[in-house]
Amino acid sequence: MSEPGKPWDEGGPERLYTVSRGRAPQEPRHRPVELVSLIVARAEPEPGMAPEAAAVLRMCQFPLSVAEISAYLVLPVSTVTVLLAGLLRDDRVEVRAPVPAAVLPDPELLQAVMHGLQNL
């Protein structure tokens, strides 16, 4: 616990323990939550909900990665993963696969286009 008159340390172990409610990170049974997984809210925050969980629901109206959520909340990814596991269990958020990397076009096609543009 913080000493009286001493400012609260945002990254202190007390806060992380409180946010995670003492739970350790575990892999969800259905779909693992990865650093680049996209999280989308499926519910609105309710009164009495933990502030961090409510913040996740507010900020994830549009897909955000776990890394972005971690940065916005100023919490380690492991703590955010525990928080998201609880929200997933309660069906308050949805995990989406990250957007796949674009497939690069054939190099020969790029060369043909480049030569065609040079000839113009």
Would you mind reporting whether [Y] and [X] have side-chain heavy atoms less than 4.5 Å apart?
{"X": "Glu68", "Y": "Ile39", "value": "no"}
{"X": "Val113", "Y": "Leu110", "value": "no"}
{"X": "Ile69", "Y": "Leu83", "value": "no"}
{"X": "Thr79", "Y": "Glu52", "value": "no"}

Checklist outcome for this item: Between Leu35 and the options Val77, Val80, Thr81, the side-chain contact (heavy atoms from CB on, under 4.5 Å) test singles out Val77
For the residue pair [X] and [Y], what are the closest heavy atoms and their distance?
{"X": "Gln61", "Y": "Arg58", "value": "CG-O, 3.4 Å"}
{"X": "Glu94", "Y": "Arg42", "value": "CB-CD, 3.5 Å"}
{"X": "Leu57", "Y": "Arg92", "value": "CD2-O, 3.5 Å"}
{"X": "Ala97", "Y": "Leu38", "value": "O-CD1, 4.0 Å"}

Item to check | Neighbour count above 12 (heavy atom, 6.0 Å) for Glu108 CD | outcome: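 Open: at most 12 neighbouring heavy atoms sit under 6.0 Å from CD of Glu108.
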Checklist entry - Under 4.5 Å between side-chain heavy atoms, hopping through other hydrophobics if needed: is there a path connecting Val36 to Val40? => result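 No, it is not one cluster - the side chains of Val36 and Val40 are not joined through contacts under 4.5 Å.
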Checklist entry - Does Leu75 share a hydrophobic cluster with Tyr72, counting links as ILVMFWY side-chain heavy atoms below 4.5 Å and allowing steps through other members? => result yes
Next on the checklist: To the nearest 0.5 Å, what is the distance between SG on Cys60 and CG on Leu84?
Outcome noted: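 Between atom SG of Cys60 and atom CG of Leu84 there are 7.5 Å.
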Checklist entry - Can you tell me how far the CG atom of Asp90 sits from the CD atom of Glu46, to the nearest 0.5 Å? => result 9.0 Å
Next on the checklist: Quick check against the 3.5 Å criterion: does Ser70 have a side-chain atom that pairs as donor or acceptor with the backbone of Val66?
Outcome noted: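 No: the side chain of Ser70 does not pair with the backbone of Val66.
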Item to check | Ser65 side chain vs Ser37 backbone, donor-acceptor pair below 3.5 Å | outcome: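 Not at all, since once roles are kept as given, no pair shorter than 3.5 Å links the two residues.
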